[in-house]
Asker: 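Dumping the structure here so I can ask a few things about it.
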Amino acid sequence: MIKCAKVKRLLSRYLDKEADKADTELVESHLDNCLLCKQELSALSQVKGIIIRKQRKSLPQDYLVCRLREEIAGEKHTQGSFSWLTGMGNLAHRLIPVPVAAIALSIAFLLITSNQPVSKYSLEEHLLSGTQTTTETALALILGEQS
Amino acid sequence: MNEDILCIERFLAGEEEGFEALVRKYQDRVLNIVYSLIGRDRESEDIAQEVFLKVYHHLSSFRQRSQFSTWLYRIVMNTTYDFLRKRRNYTSDEGAIKNSVALLEGPREAVLTKEKAEIIRKALGSIPLKFRAAVVLKDIEGLSYIDISKVLRCSIGTVESKIYRARQLLKTQLLKSEGGAI
Ligand SMILES: [Zn+2]
């Protein structure tokens, strides 16, 4: 039958009750007269039924919450160790201007002396890319960000 | 839906309990999607944990333009794809599938629940990930085509054809011979 190919493409959608009124009518009137498409629908329906009835997994209510608490506490602990760098502590806040000024001067010097093209590729992107970072590339990328 | 937004707002106001309520609500759904996609118990739990860790860190950037569940399932998909990419394991081995078909040919009573689960796991593992993802969101999680299209960022027509292809391939695996149902 000419219609079979068209109807077969609609069967999955029809099965999921996602077909619109016109398509539903087309499928249903075709199914009344076509055993092959009826069999195809029945097979698709069986497959859907098998997946739907698939055994579900279930975790104890607080299982993942406890694992996450531990993980997050671990992260916070690690971050805490670097708070002097990230500027979290008061002391760090007061001390940070010194190295920042030194870095800014170095960058200014390098910008003046260097005639290499400045990259728009950020240091963050570079770190996320997982490529090995050498001092040179890090410096070049920092310069890129500053420009 | 509103319940999710309330949890998010509580979390953003500094109450960890808001986040934990979301974990409790969605943990089994996330786990079942991941497990249906990768077919591995222990690693599914690890991926589920990673998903919620990402939620914890990025919840402040959730803009509520979509439902929380859509946003969450996108993270589930991305995290699972990353895992599979690293493992270079988009499809499972064919030997396992032959094994599962042999089981289907045995006496109906002999096919125990555990074996059935194993057959389904292997059949799902045998189909390409792009089709598997769509059928899992439909038949395991019960999402509508429009919601699946939002999670997978594709058209409804694409969702439809992916689900259709998935079911055809699963049919070949699960119902090898006529009437050879589980
Ligand atoms: Zn037909």
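Proteins get letters first, then strands, A, B, ... in listed order; numbering begins at 1 in each.
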Asker: Angle between ring planes, B:Y73 versus B:Y26, binned at 30° and 60°: parallel, tilted or perpendicular?
Answerer: perpendicular
Asker: Just give me the residue among A:R9, A:Q55, A:K54 that pairs up with chain B most often, heavy atom to heavy atom, under 4.5 Å.
Answerer: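 Most pairs with chain B among the choices: A:K54.
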Asker: Side chain, backbone, both or neither: which part of B:I140 has an atom under 4.5 Å from a heavy atom of chain A?
Answerer: both
Asker: Using salt bridge (Lys or Arg N to Asp or Glu O under 4.0 Å) as the criterion, list what pairs up with B:R165, not counting sequence neighbours.
Answerer: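 For B:R165, no residue satisfies salt bridge (Lys or Arg N to Asp or Glu O under 4.0 Å) once neighbours in sequence are set aside.
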Asker: With a 4.5 angstrom heavy-atom cut-off, which part of A:K8 approaches chain B: side chain, backbone, both or neither?
Answerer: both
Asker: Check the angle between the aromatic planes of B:Y56 and B:F11 and answer parallel, tilted or perpendicular using the 30° and 60° thresholds.
Answerer: tilted
Asker: In Å, rounded to the nearest 0.5 Å, how long is the span from CG of B:L72 to CE of B:M77?
Answerer: 10.0 Å
Asker: Counting heavy-atom pairs closer than 4.5 Å to chain B, which one of A:L64, A:D62, A:I52 comes out on top?
Answerer: A:L64
Asker: With a 4.5 angstrom heavy-atom cut-off, could you sort out which part of B:S44 is near chain A: side chain, backbone, both or neither?
Answerer: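 Nothing of B:S44, per the 4.5 Å heavy-atom cut-off to chain A.
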Asker: Who among B:L53, B:V135, B:I156 has the most heavy-atom pairs with chain A under 4.5 Å?
Answerer: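 When all of B:L53, B:V135, B:I156 are compared, B:L53 has the most.
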Asker: Any idea which of A:E40, A:R56, A:K17, A:E71 has the most non-hydrogen atom pairs under 4.5 angstrom with chain B?
Answerer: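 Looking at each option in turn, the highest pair count goes to A:R56.
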Asker: Taking the side chain as everything from C-beta on, heavy atoms only, tell me whether B:D28 gets closer than 4.5 Å to A:K57.
Answerer: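 No - every pair of side-chain heavy atoms lies 4.5 Å or more apart.
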Asker: Identify which part of B:Q168 has an atom lying under 4.5 Å from any heavy atom of chain A, answering side chain, backbone, both or neither.
Answerer: both
Asker: So for A:Q61, is it side chain, backbone, both, or neither that comes closer than 4.5 Å to the heavy atoms of chain B?
Answerer: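 Both backbone and side chain.
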Asker: Answer with yes or no whether the side chains of B:K54 and B:T79 bring together a donor and an acceptor at under 3.5 Å.
Answerer: yes
Asker: With a 4.5 angstrom heavy-atom cut-off, is it the side chain or the backbone of B:S144 that approaches chain A, or both, or neither?
Answerer: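 B:S144 touches chain A through backbone and side-chain heavy atoms alike.
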Asker: May I ask you to test the B:F52-A:R67 pair for a side-chain heavy-atom distance under 4.5 Å?
Answerer: no
